[in-house]
Amino acid sequence: MAGFSKKMRLLTAADFKRVFDAPDQRSVDHLFTLLVRKNDLGYSRLGMAITKKRLKRAVDRNRAKRIIRETFRGQQDKLVGVDVVVMNRNALVNAENIELFQSLAKHWSRLGKL
RNA sequence: AGAGUUGGCCAGGCAACCGCGCUACCGAAAGGUAUCGAGGAAAGUCCGGGCUCCAUAGGGUAAAGCGCCAGGUAAUGCCUGGGGGGCGAAAGUCUACGGAAAGUGCAGCAGAAAAUAUACCGCCUAAGUGCCUUUCGGGGCGCCGGUAAGGUUGAAAUGGUGCGGUAAGAGCGCACCGCGUCGGCGGCAACGUUCGGCGGCAAGGUAAACCCCGCUUGGAGCAAGACCAAAUAGGGGGACAAUGGUGUGACCCGCACUGUUCCCGGGUAGGUUGCUUGAGGUAUGUGGUGACGCAUACCCUAGAUGAAUGGUUGUCCACGACAGAACCCGGCUUAUCGGCUAACUCUCACU
RNA sequence: GGCUGGGUAGCAAAGUGGUUAUGCUGCGGAUUGCAAAUCCGUCGACGGCGGUUCGAUUCCGCCCUCAGCCU
């Protein structure tokens, strides 16, 4: 299983802006919105935009980010050369961890067909 | 055994695999190895400090906060101990608790009257006086009056009880209780006083109304600030002149800037730093009723920056609540499944 | 992370230590052949919990909630 080091993340505002301005693909359900754009790096990068407005408590935000990272880590061999931004939606507040895993698994498999 | 009061502590454990962050070491690099890695509230941002910068933070005014006393502390609106008052049978607990004998304001409705003393229902007819009556003692109705004991209202009505006193009454007088004040005594003080004197009692409530008195407070906040530095676009320092204009985060005094000339390069995105050794912990001894102080020894115990402490599985049990550091401390407040523990009070039973 | 401002009927919006205006909406009635418009009447609220006060929407404290600013 692959690791998740710093170069596999979107770090700067410019990186985020590149994805937000012209995403190649979107994947949406009631829990998450994913924006994807291809890059030329040969590996995938993950960025998260988890807003305080929709997840009030810091514990919930950290939980969501951990689970997103954990699933991304497991899917890196299928995703080659894309930048992904994950955003949270309203229903995330009351969702169980299992639901998050199931939802994210669908998203990643959808992106895998890209 | 039951009921209750107050304080302290813990916050799932163990194992395996896969991951994340800092630091150290190895390596040319990729990476590897090892240690460590959220809380009692990390929260709310309600107070108090440290730290940093700013036109001065200086003087005056204003404004804000605090408010029984003493102590603790870096400091506090916090804590400890004590006093007064409220609640409780008790252990205990709550308490913004200075001043209304400086001034101003406020009090709807009700009530006679709401702060000035007044008189609605009442009570009285002694004194003065008018009329009537008389068995000549007096009696009745009035006027002028007296009174605040009783009744009524209200959140609040000008000490309480008793006796004397009186026309009826009244601190009018006396006794006791209460209150105020002076002295003594106790206490550092707040305050207490079963001590003595004086005062017939004045000074109604409200200051989380204005206010007065005392004390405290410059402003901003690590997104502070410092350093390295693309793009773009302007700046900084010295000297001289003017005293007009502008700014100064409450205002004034005051202070700074603006013009000309000479010299010098400046610093937004981004990055680095600030960033964790500290009013630090633990143990022992010691002073103190206590908060806490002192001494000695030992320990280093998160430091991220799109932001690390997680995932899966097994197992045990009491079946796991509230909840995630972002410059750092001390408090307060709020959230919280359950468990452990100490001291104390009351009731019942037995010995 | 830090710093500000606001919560009054279903909606909007004044107000103040002593029974909280007003407009639209809702309901009932009048008017009409029926409606609209108009007129009359009426229901419905001070975010929550404590404290100060005789009395709190107002004053004070804590909490909840909404919005904004600094990046």
Side-chain angles (χ1 to χ4, degrees):
Chain A
M1 197 176 272
F4 182 63
S5 63
K6 208 159 190 169
K7 68 171 192 174
M8 296 174 182
R9 309 180 199 176
L10 296 180
L11 293 174
T12 65
D15 293 334
F16 274 83
K17 188 168 168 51
R18 188 177 160 278
V19 177
F20 277 115
D21 285 349
D24 295 325
Q25 188 184 354
R26 294 166 185 273
S27 180
V28 182
D29 67 0
H30 64 293
L31 296 174
F32 296 104
T33 298
L34 278 74
L35 302 179
V36 185
R37 177 160 179 175
K38 290 182 183 172
N39 64 30
D40 301 325
L41 297 171
Y43 53 88
S44 295
R45 297 190 297 178
L46 173 69
M48 290 177 285
I50 307 297
T51 66
K52 198 185 242 182
K53 191 165 188 171
R54 295 203 170 91
L55 280 178
K56 294 285 185 191
R57 295 182 301 170
V59 171
D60 293 335
R61 291 196 296 275
N62 283 347
R63 174 173 66 109
K65 289 197 265 189
R66 281 175 190 141
I67 290 173
I68 292 165
R69 274 197 294 266
E70 190 67 23
T71 56
F72 177 79
R73 200 163 60 81
Q75 299 290 331
Q76 278 175 341
D77 50 338
K78 300 175 191 167
L79 301 169
V80 179
V82 292
D83 289 341
V84 184
V85 173
V86 181
M87 293 182 287
N88 59 319
R89 307 200 58 179
N90 284 330
L92 203 56
V93 183
N94 299 316
E96 297 291 324
N97 286 8
I98 302 253
E99 299 177 52
L100 301 185
F101 277 113
Q102 290 169 346
S103 167
L104 286 163
K106 280 186 208 162
H107 284 302
W108 296 129
S109 66
R110 228 181 279 175
L111 299 188
K113 295 169 189 167
L114 193 64

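Basis for what follows: all heavy atoms, side chains included, without hydrogens, waters or symmetry-related copies. In what follows, every chain begins at residue 1, and chains take the letters A, B, ... in the order their sequences are listed.
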Among [options], find the nucleotide with the atom closest to the side chain of [X].
{"X": "A/Val59", "options": "B/G324, B/G310, B/A307", "answer": "B/G324"}
{"X": "A/Lys65", "options": "B/G311, B/G324, B/A307", "answer": "B/A307"}
{"X": "A/Arg66", "options": "B/G306, B/U309, B/A308", "answer": "B/U309"}
{"X": "A/Ala49", "options": "B/A325, B/G306, B/G311", "answer": "B/G306"}
{"X": "A/Arg73", "options": "B/G19, B/U312, B/A307", "answer": "B/G19"}

Provide the distance between the two [atom1] atoms, one in [N] and one in [M], to the nearest whole Å.
{"N": "B/A308", "M": "B/A325", "atom1": "P", "result": "11 Å"}
{"N": "B/U243", "M": "B/A230", "atom1": "C1'", "result": "45 Å"}
{"N": "B/G84", "M": "B/U56", "atom1": "C1'", "result": "48 Å"}

Now, which nucleotide makes the Watson-Crick or G-U wobble pair with [N], with each of the two distances under 3.5 Å?
{"N": "B/C298", "answer": "B/G281"}
{"N": "B/A89", "answer": "none"}
{"N": "B/U129", "answer": "B/G142"}
{"N": "C/U31", "answer": "none"}
{"N": "B/A74", "answer": "none"}
{"N": "B/U268", "answer": "none"}
{"N": "B/C9", "answer": "B/G339"}
{"N": "B/G196", "answer": "B/C182"}

Problem set entry | A/Ile98 vs A/Ala58, nearer the 5' end of RNA chain B by closest nucleotide |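 Taking each residue's closest nucleotide, the earlier one in sequence belongs to A/Ile98.
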For this session: Take A/Gly47 and A/Phe101, find for each the nucleotide of RNA chain B with the closest heavy atom, and name the residue whose nucleotide sits nearer the 5' end.
Result: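 Counting from the 5' end, the first nearest nucleotide belongs to A/Gly47.
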Problem set entry | CG-CZ distance between A/Asn62 and A/Arg66, expressed to the nearest 0.5 angstrom |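 Rounded to the nearest 0.5 Å, the CG-CZ separation comes to 5.0 Å.
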Round to a whole Å and report the spacing from [atom1] of [X] to [atom2] of [N].
{"X": "A/Arg69", "N": "B/U309", "atom1": "CZ", "atom2": "P", "result": "6 Å"}
{"X": "A/Leu104", "N": "B/U312", "atom1": "CG", "atom2": "P", "result": "13 Å"}
{"X": "A/Leu46", "N": "B/G19", "atom1": "CG", "atom2": "P", "result": "17 Å"}
{"X": "A/Glu70", "N": "B/G21", "atom1": "CD", "atom2": "C1'", "result": "15 Å"}

Exercise. If you measure from the Lys or Arg side-chain nitrogens to the Asp or Glu carboxylate oxygens, is any gap between A/Asp83 and A/Arg37 under 4.0 Å?
Worked result: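 Between A/Arg37 and A/Asp83 there is no salt bridge, as every charged N stays at least 4.0 Å from the carboxylate O atoms.
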